[in-house]
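Every chain is numbered from 1, with letters handed out A, B, ... down the list of sequences. If you're wondering where the values come from, they're calculated on a predicted model, not measured in any experiment.
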Amino acid sequence: MWEPTNNLERDRLDKLTRLRETGVVPYPNRADRTHTTRAAIEAFEAVEPNDPEAAEAVEVTVCGRIVRQNLKGKIYFAHIEDGAGRVQLFVRINNVGDETFDIIKNMLDLGDFVQASGNMMRTRTGEVSVLVRELVVLSKALSPLPVIKERVGEDGQTERYGEFSDIEERYRQRYADLAVNPDTREVFRRRARIISTMRRFLEGEDFLEVETPILQPIYGGAAARPFVTHHNQLHQDLFLRISFELYLKRLLVGMYDAVYEIGRDFRNEGVSFKHNPEFTQVEFYRAYADYHDMMDITERMVATIAEEVLGTTTIAFEGHTINLAPPWHRISLRDAIKQHAEIDYVEYPEAGALYQAMHDSGIEASPNATWGKLVDVLLGTVVEPTLIQPTFITDYPRDISPFAKMVPGDEMHVERYEMFIGGMEMGNAFTELNDPLDQEARFVEMNRLYADEDDEATPVDEDYLRAMRYGMPPCGGCGIGVDRLVMLLTGKSTIREVLLYPHLRER
RNA sequence: GGGCGUGUAGCUCAAUUGGCAGAGCUGUGGCCAUUUAAGCCAUAGGUUGGGGGUUCGAGUCCCUCCACGCUCACCA
């Protein structure tokens with residue numbers, strides 16, 4: 001059984017006991033709310049200009065958490081907060097009686113949930129309040145939340161006194177962060193609007209929402225280490241998916257023209273300001289489309305989301321002003337690297353030569369990296385940080401893109417793009433490879449390529465190849481990191497600020 | 001995994017060269033019948049992240065472990 005860890009909790013536990021002794025049910029089953037805090041204020045203000053007396057006849061029952069209180073002799077002021085906002089309670093001993101006032105005075109704390117019934121009024125200092133006639137305890141809080149006080153200055157700016165800012169504790173106890181920091185609540189409201197707008201947009205483009213397995217016997221669709229788990233009764237090892245790619249494309253074989261999924265991916269890799277072991281991804285695939293079409297859809301979708309959620313396509317991020325309105329900048333990977341590193345990788349078709357050229361330019365890389373990996377290093381170190389405005393980098397080396405179709409007439413490149421905004425990779429798309437024999441060769445090639453890099457080998461997905469042999473329409477596909485998009489649209493510089501429960505080490 | 005940094009009361013933070021662990025908010029007791037960061041008086045609250053060491057004496061110096069942050073590596 002829990003025991004108080006400090007005098008604050010001890011006091012609260014004592015108050016809980018006293019409430020029970022007084023005959024108060026501290027955790028009743030039901031509340032009888034008639035108005036949210038906001039609705040109560042609005043109901044009063046709607047009537048007040050025409051008929052102040054009628055406004056004071058407005059009766060409400062509001063519920064919420066006590067976030068400020070001020071006992072002043074035989075009157076008591078408190079602000080209660082609910083999901084809609086705050087309203088002040090004004091309690092006079094004459095209105096509620098000695099017993100209730102004793103409860104208020106001796107058994108209530110900041111953080112408790114209460115229900116207050118009474119008429120609306122405006123206090124002498126002008127604040128719309130509930131003149132309380134009846135007060136009911138809804139939930140006694142035994143642990144104190146951090147106390148944050150606010151004052152709205154003459155200039156309308158809200159000054160805050162006190163804060164709950166310890167990053168680790170905010171993440172470990174997200175409920176406390178949310179309870180006391182309205183800014184945090186707003187981040188996740190916005191996140192929800194971003195995702196619902198995304199869903200609406202894709203529905204409007206005739207994409208069908210589907211759900212595919214998270215537990216997979218063979219993982220694939222990306223190059224990442226998976227999490228491994230086990231089904232006891234089936235005696236079967238399973239992997240948590242690292243992408244949706246291969247299962248979604250099978251559905252195009254099954255004659256859906258366009259599908260999408262929004263869901264969780266799991267990658268057993270390091271964590272950073274833009275990586276969490278589990279993260280949310282949207283992938284969408286359309287038959288008879290290519291990567292140019294996917295670029296069009298992508299830039300329209302992101303601009304639409306920004307417009308719907310923020311009311312503008314011009315956003316501030318990390319000190320930059322970013323314009324999300326289409327069309328976005330499009331440049332080939334080769335040209336982008338030529339521009340920023342003055343290395344034309346086409347002139348160095350062997351890994352050793354390219355490594356030397358990079359080394360001569362002061363760009364560090366692993367000496368035994370593959371050629372494709374080296375090109376990727378160039379992208380990551382030289383190009384990516386400069387891509388603040390939305391940019392599609394197109395046409396990637398074949399050997400780091402096993403699911404993309406070749407650029408016609410180009411032995412080296414595939415039809416692939418990655419999108420970058422704010423210096424971050426936000427998404428990845430291809431003209432999808434639908435030649436089953438080519439795909440099989442690529443699988444085998446990838447397997448060989450990564451064979452010596454311990455567990456990074458890409459397993460050959462025979463069932464996927466079988467599906468493709470039934471005939472897969474030409475198609476374009478795109479995946480976008482939803483968390484990073486949310487970072488961009490909320491101005492947050494770490495992924496942990498846009499995940500309700502970011503991964504933390506066990507303590 | 002490497003480097004740098006941080007960890008003191010429920011919250012936010014002080015603590016001089018190694019010399020009595022403090023403040024504000026919160027809490028408790030008191031005054032207060034229109035307050036709003038209410039105010040005034042009094043008061044409680046600590047294994048200074050854990051463990052070990054040096055020293056007459058450690059929040060402070062050393063070792064070690066833990067967590068978090070920044071960064072590098074890793075992450076097509």
Determine: side-chain N/O of [X] to OP1/OP2 of [N], distance under 4.0 Å, yes or no.
X	N	value
Lys105(A)	C31(B)	no
Lys274(A)	C75(B)	no
Arg10(A)	G45(B)	no
Arg267(A)	C74(B)	no
Gln173(A)	G10(B)	no
Ser401(A)	A76(B)	no
Arg68(A)	A38(B)	yes
Lys149(A)	G24(B)	no
Arg505(A)	C68(B)	yes

Interatomic distance at [atom1], [N] relative to [M], whole Å:
N	M	atom1	value
C62(B)	U43(B)	C1'	40 Å
G46(B)	G22(B)	P	12 Å
A42(B)	U34(B)	P	25 Å
C25(B)	C20(B)	C1'	25 Å
C13(B)	U26(B)	C1'	15 Å

Is the shortest heavy-atom distance from the side chain of Met294(A) to the side chain of Phe284(A) under 4.5 Å? yes
Among [options], the one nearest [X] by side-chain distance:
X	options	value
Thr123(A)	U34(B), C68(B), G27(B)	U34(B)
Asn106(A)	G29(B), G10(B), A76(B)	G29(B)
Lys373(A)	U34(B), A76(B), C11(B)	A76(B)
Phe403(A)	G69(B), A37(B), A76(B)	A76(B)
Lys15(A)	U28(B), C68(B), U12(B)	U28(B)
Asn7(A)	A44(B), G69(B), C13(B)	A44(B)
Phe164(A)	C11(B), A33(B), A76(B)	C11(B)
Phe90(A)	A76(B), U34(B), U26(B)	U34(B)
Arg92(A)	A33(B), G10(B), A76(B)	A33(B)
Thr494(A)	G27(B), A67(B), C70(B)	C70(B)

Please give, in whole Å, the distance from [N] [atom2] to [X] [atom1]?
X	N	atom1	atom2	value
Leu71(A)	G30(B)	CG	P	10 Å
Phe273(A)	C74(B)	CZ	P	15 Å
Tyr417(A)	A76(B)	OH	P	18 Å
Phe227(A)	C75(B)	CZ	P	16 Å
Tyr175(A)	C11(B)	OH	P	12 Å
His275(A)	C72(B)	NE2	C1'	14 Å
Leu8(A)	C25(B)	CG	P	14 Å
Asp109(A)	C25(B)	CG	P	17 Å

Just one of Glu53(A), Glu56(A), Glu48(A) clears the salt bridge (Lys or Arg N to Asp or Glu O under 4.0 Å) bar with Arg122(A), so which one? Glu48(A)
Taking atom CG of Asp98(A) as the centre, report whether more than 12 heavy atoms of other residues, nucleotides or ligands fall under 6.0 Å from it. no
Please check if atom CD in Glu318(A) has more than 12 non-hydrogen atoms from other residues, nucleotides or ligands closer than 6.0 Å. yes
Sole candidate of Ile41(A), Val128(A), Thr36(A), Asp82(A) that passes side-chain contact (heavy atoms from CB on, under 4.5 Å) when paired with Val87(A): Ile41(A)
So, Asp483(A) and Lys274(A), do they make that salt bridge, N to O below 4.0 Å? no
Tested for side-chain hydrogen bond (donor to acceptor under 3.5 Å, both in side chains) against Tyr161(A), the lone hit among Lys149(A), Arg151(A), Glu150(A) is Arg151(A)
Counting any heavy atom closer than 4.0 Å, what does Arg398(A) reach on the DNA or RNA strands: base, sugar-phosphate only, or nothing? nothing
Check every strand shown and say whether Arg172(A) touches a base, only sugar-phosphate, or nothing at a heavy-atom separation below 4.0 Å. sugar-phosphate
Checking only heavy atoms, does the side chain of Asp399(A) share a donor-acceptor pair with the base of A76(B) at less than 3.5 Å? no
Is the ring pair Phe430(A)/Phe403(A) parallel, tilted or perpendicular, if the boundaries are 30 and 60 degrees? tilted
